[in-house]
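Heads up: the structure comes next, in structure tokens.
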Amino acid sequence: MTTSRDKTARIWDLNDFRKLPILLDDHEDWVMTGCFDPTSSLVLTGSRDKYIRTWTVDPKGMAERLCEHLSGNMTAAEWKEFVGEELPYEASCPNVGQ
């Protein structure tokens with residue numbers, strides 16, 4: 001994980017350097033520190049905006065958080081771009097709009 005003055009933290013896949021990092025960009029100021037919890041299911045970040053934030057790194061939890069901001073499922077093209085071809089397409093937010 002890296003933290004930055006650009007108000008972000010990034011989680012990198014050290015097994016595949018070609019992959020883009022997961023971007024954590026909900027900070028108002030310089031992200032000064034970050035760490036994984038002992039179970040590696042959460043990331044904690046500390047920012048100069050005086051907030052400590054927790055982030056889930058579990059894919060299912062990340063999808064649930066994303067679905068809070070969507071009005072429907074991803075299209076097949078969006079799935080391919082943002083999730084990847086290695087995972088078969090499925091309804092990304094089946095409860096949205098219900």
- Query: Distance only, no hydrogens: is a donor on one side chain within 3.5 Å (strictly under) of an acceptor on the other, for Trp30 and Ser47?
  - Reply: no
- Query: Is any side-chain heavy atom of Leu24 less than 4.5 Å from a side-chain heavy atom of Thr8?
  - Reply: no
- Query: Does the side chain of Arg53 reach to within under 4.5 Å of the side chain of Asp49, using non-hydrogen atoms?
  - Reply: yes
- Query: In Å, rounded to the nearest 0.5 Å, how long is the span from CD of Glu28 to CZ of Arg48?
  - Reply: 13.0 Å
- So Leu42 and Val57, side-chain contact (heavy atoms from CB on, under 4.5 Å) or not? Walk me through it. CA-CA 6 Å; Leu42 293 173; Val57 290; 6.0 Å; no
- Query: If you round to the nearest 0.5 Å, how far is CZ of Phe36 from CE of Met1?
  - Reply: 4.5 Å
- One should read off an interatomic distance between Glu90 CD and Trp79 CH2, to the nearest 0.5 angstrom, of 4.0 Å
- Query: Is any side-chain heavy atom of Tyr89 closer than 4.5 Å to a side-chain heavy atom of Asn73?
  - Reply: yes
- Task: Could you grab the distance from atom NZ of Lys19 to atom CD1 of Ile11, nearest 0.5 Å is fine?
- Result: 12.0 Å
- Cys35 vs Leu44 side-chain heavy atoms within contact, under 4.5 Å: yes
- Message: Using every non-hydrogen atom in the two residues, find where Asn15 and Asp13 come nearest and quote the distance to one decimal.
- Response: N-OD1, 2.9 Å
- Item | Atom CD1 of Ile52: over 12 foreign heavy atoms under 6.0 Å | no
- Which distance, rounded to the nearest 0.5 Å, do you find between the NE2 of His27 and the OG of Ser4? 11.0 Å
- Message: Please tell me whether Thr45 and Trp55 have a donor and an acceptor in their side chains that are separated by less than 3.5 angstrom.
- Response: yes
